[in-house]
Amino acid sequence: MADPKGFLNHGREVAQTRPVGERVQDWNEVYVPGSLLPIISKQASRCMDCGIPFCHQGCPLGNLIPEWNDFAYREDWSAASERLHATNNFPEFTGRLCPAPCESACVLGINQPAVTIKNVEVSIIDKAWDTGDVLPQAPDRLSGKTVAVIGSGPAGLAAAQQLTRAGHTVAVYERADRIGGLLRYGIPEFKMEKRHINRRIEQMRAEGTKFRTGVEIGRDIDAKKLRKRYDAVVIAAGATTSRDLPVPGRELKGVYQAMEYLPLANKVQEGDYVTTPVSAEGKHVVVIGGGDTGADCVGTAHRQGAASVTQLEIMPRPGDDRNANQPWPTFPMLYKVTSAHEEGGERVYAVSTTHFEGDEDGNVQFLHLTEVEFIDGKLTPKPGTERKIPAQLVTLAMGFTGTDRENGLVDQFALDLDARGNVARDDEFHTNVPGVFVAGDAGRGQSLIVWAIAEGRSAARGVDRFLTGASDLPSPIRPTDRSLMV
């Protein structure tokens, strides 16, 4: 145990953010560089090394949280990094982007603020990179087997790295022009600078993983031909079909899906554009959807100089504390203020968009909405609450409905789908097609980055067993596992 009295002697301290007026002028990460290291040892000491560490239950990767908290407290960064990497291929991704279900399950969180698990995690991995503890792990021998991974998001990268280290020859196919999937083009730079992805890719290249960008399986290469070329295939193409809003005026110019808007801003940071083709500068921006993707749109609009930003959510405002029907250690639905919300804008709850209004040139100018309430378990418009708000740029951030069907991948493989439109798989992450596996959102549906990495690691074990008859690779989850929620 790190410090038996740590949780009694120290309160919770989190990463310090840069002043709002400073950070909205650039695209760097919002946190003050180096602000965690002076406080993180004390924060790690708050871990109680519980007899039954429920943080393990909260994390689908099974991260050895009490162990690396102990090492961080003792400032044994090399040992902490080894424990961290034992269960997680990319802790710098999860340490920045995961909503931390581990903290919701922290035993200390029953009656105190939980341990800052995410902050400890990101401190360990950033220190490991700085000290050179993160090295390529090339396999001792090659198996002679080949694997194609379709998609380079967290699930695809995790599966590829595990299979490469097991000795298989792995090629990752990505339809975008750069590796990273939504990590690259869906996550704004101010949440995670892309240098973190770039150095992981270089590590994977050094280990032997091959990358093929600008290649879309189903369009550029027939899926059946790909299957014949490789001994196994892992589909990690994500759940990229965005939920739409079929209301009058949807066709107006200025109404975009979030994943049409956000990648363009990221491409500016990559140097592809001087200015984004779709900018919020000087415009009244409305973001429809109250989740993390919506918050990403909010923060992006702030940095582009929006005149105003309004975020709409159809559900009622969540509470500040756990509801009685969401007891510890479940993951509660709480009112969350992200760094983007700290930067300004208005959040409006329990409203539904009825239609858009445009000008004579077909540009959106106003959004009409109405308040809604639950009646007999259904969201119902409240009479007399209709109004309109200015909207010259609208982004739809209402989630995703399943994997892409338009590119032909699903049909060319002749894959079975489950009732939710996801690619069906068995206990080994094997689809109905021999030698074809599925991992991440393509099989699970829209989920968290930590689940995607866990899926990639678990699917890699299934592939390894398929190719060799046995496997020593870990499998932290089953395809049917779900977050503990009530």
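Since the structure is predicted, the reported quantities are computational estimates derived from the model, not experimental observations. Computed from heavy atoms alone, side chains included, the values below leave out hydrogens, waters and symmetry copies.
- No donor-acceptor pair under 3.5 Å is formed between the side chain of Gln304 and the backbone N or O of Ala306.
- Within a 6.0 Å sphere centred on NZ of Lys191, heavy atoms belonging to other residues, nucleotides or ligands number more than 12.
- Side-chain contact of Gln203 with Gln137: a donor-acceptor pair under 3.5 Å is absent, judged by distance alone.
- For the pair Arg23 and Glu343, the salt-bridge criterion is met [side-chain N within less than 4.0 Å of a carboxylate O].
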Give the intermediate values and the outcome of side chain to side chain contact (heavy atoms under 4.5 Å, CB included) for residues Val298 and Thr338.
CA-CA 10 Å; Val298 170; Thr338 70; over 6 Å; no

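- Here the straight-line distance linking atom CD of Glu174 with atom CZ of Phe211 works out to 10.5 Å at 0.5 Å rounding.
- Between the CG atom of Asp70 and the CD1 atom of Ile65 there is a distance of 14.0 Å, given to the nearest 0.5 Å.
- A donor-acceptor pair under 3.5 Å links the side-chain atoms of Thr131 to the main chain of Lys127, judged by distance alone.
- With Glu357 contributing its side chain and Phe366 its backbone, the two residues share no donor-acceptor pair below 3.5 Å.
- Taking the six-membered ring where tryptophan is involved, the planes of His368 and His355 are essentially parallel, since the angle between them stays under 30° and well short of 60°.
- The closest side-chain donor-acceptor pair between Thr17 and Ser339, if any, does not fall under 3.5 angstrom.
- Put simply, the side chain of Arg322 gets close to the backbone of Thr330: a donor and an acceptor are under 3.5 Å apart.
- Remark: Arg317 qualifies as a cation-pi partner of Tyr335 under the 6.0 Å distance and 45° angle criteria applied to the six-membered ring.
- Counting only distance, with no hydrogens or angles, the side chain of His85 and the backbone of Ser81 share a donor-acceptor pair below 3.5 Å.
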Applying salt bridge (charged side-chain N to carboxylate O under 4.0 Å, His left out) to Arg74 and Asp3, what does each step give before you reach the verdict?
CA-CA 10 Å; Arg74 303 177 193 282; Asp3 180 355; over 6 Å; no

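- Remark: the backbone N or O of Val32 is paired with a side-chain donor or acceptor of Ser35 at under 3.5 angstrom.
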Between side-chain atoms of residues 102-109 and protein atoms elsewhere (two or more places apart, or another chain), which donor-acceptor pairs fall under 3.5 Å?
unit_1 : atom_1 : unit_2 : atom_2 : d
Glu103 : OE1    : Arg12  : NH1    : 3.3
Glu103 : OE1    : Arg12  : NH2    : 3.1
Glu103 : OE2    : Ile117 : N      : 3.1
Glu103 : OE2    : Lys118 : N      : 3.0

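- Tyr31 does not carry Arg18 over the face of its six-membered ring by the limits of under 6.0 Å from the centre and within 45° of the normal.
- The CG atom of Asp26 sits 11.0 Å away from the CD atom of Glu29 when rounded to the nearest 0.5 Å.
- Side-chain contact of Asn266 with Glu189: a donor-acceptor pair under 3.5 Å is absent, judged by distance alone.
- With hydrogens and angles ignored, the 3.5 Å screen pairs no side-chain donor or acceptor of Glu371 with any backbone N or O of Thr385.
- Screening Met259, Lys194, Arg178 for a side chain to side chain contact (heavy atoms under 4.5 Å, CB included) with Tyr185, the sole residue that qualifies is Arg178.
- In this structure, CD1 in Ile124 is found 11.0 Å from CG in Leu36, a value given to the nearest 0.5 Å.
- Residue pairs satisfying the side-chain hydrogen bond (donor to acceptor under 3.5 Å, both in side chains) criterion with at least one member in residues 273-289, sequence neighbours excluded, are listed as follows: His284-Ser308.
- Distance OH/Tyr256 to CG/Leu264: 8.5 Å, rounded to 0.5 Å.
- Gln43 places no side-chain N or O within 3.5 Å of a backbone atom of Thr116 that could act as its donor or acceptor partner.
- Between the side chains of Gln25 and His302, no donor N or O sits under 3.5 Å from an acceptor N or O.
- How far CD1 of Ile288 is from CE of Met398: 6.5 Å, rounded to the nearest 0.5 Å.
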